[in-house]
Amino acid sequence: MRPSPQASDTAVTASRPAPDTVGEPAGAPLDGPAEHTGAASVLTVPVVQLLGIGKRFGAVRACDDVSLRVRAGEIHGLLGENGAGKSTLMKILLGLVVPDTGRIVLRGSETTIADPSAAAAHGISMVHQHFSLVDRLSVWENVVLGDRGRVDRDRARKSVREVGDRYGLRVDPDACVEDLSTGERQRVEIVKCLRRDPGVLILDEPTSVLTLEESRELFTVLRRVVADEGKAVILISHKLDEIVHATDRVTIMRQGRVVARRATADTDVRALAREMVGRELSKWTAASAVGALDALIEPGTGEPTGGTAVLDVREPEAAPAPKPRPAAGEVRLRITDAHARAADRRPLLRGLSLEVRAGEILGIAGVEGNGQAALGDLLSSLLPLDAGRVEVCGGAVAAGRPGAMHAAGVGVVPEDRHVSGCVLDMSVAENLMMADLSSVTSRGLLSRRRMAERARRLIEEFEIATPSPDTPMRQLSGGNQQKVVLARELAGRPQVLVAAQPTRGLDIGAIEYMTERLHAAAREGIAVLLLSTELGEILTLSHRVAVIHRGAVVGEMDRADVDTERLGLMMGGQAA
Amino acid sequence: MTSTSGTLISEPPPAVAAPEPVERRRPRLADLGTPLLYLLSLSTALALAGLLIALVGQSPWDAANAMYDGSLADGAAIGQSIDQAAPLLLVAVGSVIAARAGIFNIGQEGQLLVGAAVGAAIALFTPGPGPLVLILALLGAAVGGALWAGIAALLFYWRGVAVVISTLLLIFVANQAVSYAVNSPSLLREKAVAGQVTTSQTDMLAESVWLPRIGEYPDFNIGAGIFVALVLAVGTSLVLVRTRLGFRLRMLGLNPKAAHRAGVGAVLVGGGALLASGAFAGLAGGVMLTGNGHRMQDGFADNVGFDGLLVALVARDKPMLAVPVALFFGALRAGGGFLSATGVPRYIVAVVTALMVLATVFPAAYAEVRRRRTAGAA
Ligand SMILES: Nc1ncnc2c1ncn2[C@@H]1O[C@H](COP(=O)(O)OP(=O)(O)OP(=O)(O)O)[C@@H](O)[C@H]1O
Ligand SMILES: [Mg+2]
């Protein structure tokens with residue numbers, strides 16, 4: 001990628017008396033709207049200054065002379081493509097990664113942060129991109145994990161409730177984490193962090209699994225708390241809409257360098273996207289990437305109603321050309337009256353039936369926790385059925401038997417890639433090949449050469465940023481780990497492709513590519529089942545939409561007939 | 001600072017711009033690097049061992065000499081060390097297989113004993129040409145160890161009993177069972193010869209079923225066991241890295257859910273790995289029986305199962321790394337045996353060897369703990 005004009009301005013060296021002038025590009029306005037009040041205000045003292053931070057991992061420059069300044073009382077957005085170095089920068093602030101160069105200045109004094117406990121002592125706390133909860137423990141146990149001193153059960157449970165109520169992140173403190181949906185787990189992570197009442201809160205893609213409603217509520221409260229108590233929040237997100245709504249200022253990174261700093265008030269989604277990717281995106285992608293839902297609804301289907309808060313009313317953009325309805329192929333996947341329970345006997349699926357035909361994308365819309373995860377697990381062979389049957393290409397498949405679905409031709413991009421989608425301690429090449437080992441083995445022996453070759457092809461095709469195919473998966477950036485899983489499942493040429501939250505964690509460029517790939521898969525005659533809690537994503541991609549509620553499909557409609565009001569009602573469980 | 005007025009930079013210089021006294025990071029053990037860490041922990045252990053020996057009134061210097069004489073001084077001693085290393089390596093490689101599949105078998109001591117007993121039964125009571133009986137005995141030992149581990153596998157996949165617990169408890173059962181067999185005249189106890197009192201041990205194996213030895217007796221000579229162990233270590237390493245089976249096994253160990261999705265059956269592959277590790281331990285017992293003692297008696301296993309487990313731990317579950325580690329541990333065992341012959345009390349010898357073991361385990365364990373800490377926080 002070409003170096004950006006702004007990036008070259010950042011090389012100003014530190015002049016001691018005023019270290020805060022370092023690295024500000026001349027043309028970029030620095031101030032949030034609140035900061036014009038006066039020089040003496042306490043609010044304007046930067047809480048966190050990262051100055052000239054550099055970090056290399058082998059040949060990869062994760063951070064290259066990065067400066068970031070966060071003031072008390074602001075929510076600061078950190079934006080950038082997958083692998084731009086956002087998480088690395090935050091890990092440096094948290095003491096998890098030792099920087100090669102640069103300084104950290106906290107509230108005006110230079111500091112060395114050796115480890116997370118030192119960061120915690122400075123009031124810095126982070127919600128990580130990937131979960132770090134202990135499955136077998138309950139919510140409150142997870143929340144107090146890492147605390148020092150005596151554990152007071154009742155106090156802990158109460159504080160979980162209090163924090164939850166305050167920020168609109170309700171979770172049952174006694175629930176076992178194992179049984180929680182991804183969204184609920186995310187809530188636990190955030191509650192755990194907020195309970196410590198940090199002065200600097202770092203959120204690394206915290207809302208990728210929260211509903212729009214939840215993230216709105218969270219940021220409304222956060223904004224108030226941050227302003228009132230002089231705290232600071234750093235928010236990493238690929239949802240530009242959210243960045244625009246929630247932050248005061250943004251810093252945009254590309255390939256380890258800061259390319260722009262903006263006051264949020266002076267910019268918009270489109271401009272942010274352009275600066276992040278370095279090129280103009282198609283209107284269509286931009287709209288779907290930021291969740292501008294109304295742009296996705298064809299004109300004439302009526303105003304989005306206030307009935308469901310998931311809908312986001314904004315100035316309509318150009319609607320896409322109506323997709324040609326695919327010629328209906330044969331039924332590839334048929335699930336009939338599926339019933340299943342969790343380990344604790346809680347019902348997960350209650351008579352779910354659906355059909356997906358070759359060449360179509362069936363989107364499953366629904367509020368999270370209504371059986372989407374179970375459906376994904378079922379098609380990953382991870383969930384046995386109590387009753388009902390699954391047929392792939394006309395043949396019955398034994399649910400729950402290891403690899404049965406995979407052998408029948410079902411490819412799955414699972415919802416939580418870290419849990420069942422990949423093996424972090426194996427190499428990228430191994431992860432790319434694990435579903436299709438037979439293509440690189442002969443007489444039981446793996447051919448390293450063929451493996452590396454195929455891996456290299458996929459890495460190129462899907463633009464996975466990795467130093468080499470032999471790099472351990474763990475060392476990839478979050479978004480690039482997602483891409484590995486997507487690449488593997490798409491390249492497997494399945495009969496049926498299940499994609500759960502396929503764009504979660506991807507930057508908007510990658511979302512654009514993903515969207516194209518899923519359409520191409522359908523065009524090639526693959527039956528695609530799309531599970532997503534984001535209505536925008538469903539509407540962008542699907543030919544047909546089914547609504548899931550309490551473990552069963554409660555209604556279906558063609559994409560062309562989608563009426564958001566009716567959809568909203570159905571998702572809420574009302575017959576329509 | 002030129003512009004404090006407008007849109008460009010309104011942040012006033014911080015009141016205290018001069019850096020405060022910079023917090024210095026507390027130096028950590030990890031900063032030393034691995035080789036230095038090994039050196040440090042080994043010398044600490046040596047110092048402690050010397051102190052202990054001095055406390056019981058012996059000369060640490062003489063003791064060190066005795067250790068050296070018993071393990072490295074001449075061809076004979078080196079041969080002893082290598083002989084000791086063979087079963088350790090076998091046990092270790094077996095542990096590696098289980099550990100890579102995500103299963104923690106710690107009952108090698110029992111599996112080894114059962115394997116040896118089965119081997120002894122075959123070697124003593126099967127008629128036929130020596131080499132054939134030898135091979136049958138070794139195979140029988142492997143099968144015996146595998147079956148003993150199989151009980152734990154069964155308990156786990158059928159009843160959910162944790163493997164760590166069942167394999168550990170099965171050691172005690174194996175001890176009792178084998179001791180009973182060795183003490184029952186109708187089973188393995190040595191056959192009475194008129195006018196002679198029998199003791200609780202088996203008959204000596206016929207010389208034709210002994211593992212061949214290479215080299216001249218008083219000088220350097222080693223049993224064939226080490227070659228068996230080496231071949232299996234190399235083989236295991238290749239299987240783990242180069243084959244589809246190894247790939248699937250590693251996958252199971254690293255992420256059981258992803259493995260299940262891809263069609264790796266936990267019962268088949270995981271159970272298989274547990275059986276295999278039992279077989280390796282059993283074979284170790286067979287090698288000890290046919291290679292060194294040539295008969296079974298109480299205390300036959302002599303902690304080889306546990307020491308082998310430690311070899312795997314120090315070698316961080318890498319079969320090829322287990323080879324030098326097993327040789328080191330073998331030398332320790334040989335030296336320790338010699339030391340106890342020089343009058344240092346047996347228990348002190350045990351403590352000294354344990355110290356050396358701890359010293360070698362410590363850096364690896366420390367690195368692992370650190371890795372988990374940072375991974376856990378990340
Ligand atoms: N421990 C590590 N070892 C080697 N390389 C690493 C390591 N951690 C990160 N990297 C590399 O550094 C670069 C930046 O990674 P980082 O996780 O900071 O990206 P990111 O901006 O958070 O991206 P995403 O949006 O995908 O989460 C990537 O190319 C990644 O492969
Ligand atoms: Mg990241």
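Lettering follows sequence order; numbering is per chain, from 1.
Without hydrogens or angle criteria, B:His260 side chain to A:Ser420 main chain gives no donor-acceptor distance under 3.5 Å. With hydrogens and angles disregarded, no donor-acceptor distance shorter than 3.5 Å links the side chain of B:Asn255 to the backbone of A:Leu424.
Put simply, of A:Met426, A:Arg401, A:Met405, A:His406, the one with the most heavy-atom pairs under 4.5 Å next to chain B is A:Met426. The choice from B:Ala259, B:Ala258, B:Ala262 that makes the most heavy-atom pairs within less than 4.5 Å of chain A is B:Ala258.
To the nearest 0.5 Å, atoms CG (A:Leu437) and OG1 (B:Thr243) are separated by 10.0 Å. The CG atom of B:Leu254 sits 8.5 Å away from the CE atom of A:Met434 when rounded to the nearest 0.5 Å. Rounded to the nearest 0.5 Å, atoms CE (A:Met433) and CZ (B:Phe247) are 9.0 Å apart.
Put simply, the side chain of B:Arg250 does not reach to within 4.5 Å of the side chain of A:Val423, judged on heavy atoms. Looking at heavy atoms from C-beta onward, A:Arg448 lies in side-chain contact with B:Arg242 at the 4.5 angstrom threshold. Between A:Leu445 and B:Arg244, every side-chain heavy-atom pair lies at or beyond the 4.5 Å cut-off.
Using a 4.5 Å cut-off between non-hydrogen atoms, no part of residues 266-283 of chain B approaches chain A.
Contact of A:Glu430 with chain B is made through backbone and side chain together, with heavy-atom distances under 4.5 Å. Of the atoms belonging to A:Ser438, heavy atoms from both backbone and side chain fall under 4.5 Å from chain B. Residue A:Val440 does not touch chain B at all, counting heavy-atom pairs closer than 4.5 Å. When heavy atoms are compared at a cutoff of 4.5 Å, A:Arg488 approaches chain B solely by way of its side chain, counted from C-beta outward. Looking at A:Met90, there are no atoms closer than 4.5 Å to chain B (heavy atoms on both sides), in backbone or side chain. Looking at A:Ser381, the atoms closer than 4.5 Å to chain B (heavy atoms on both sides) sit in the backbone and in the side chain alike.
The neighbour count for B:Phe104 CZ, taken as heavy atoms of other residues, nucleotides or ligands under 6.0 Å away, does not exceed 12.
Salt bridge A:Glu489/B:Arg261: present, at least one basic N to carboxylate O contact under 4.0 Å.
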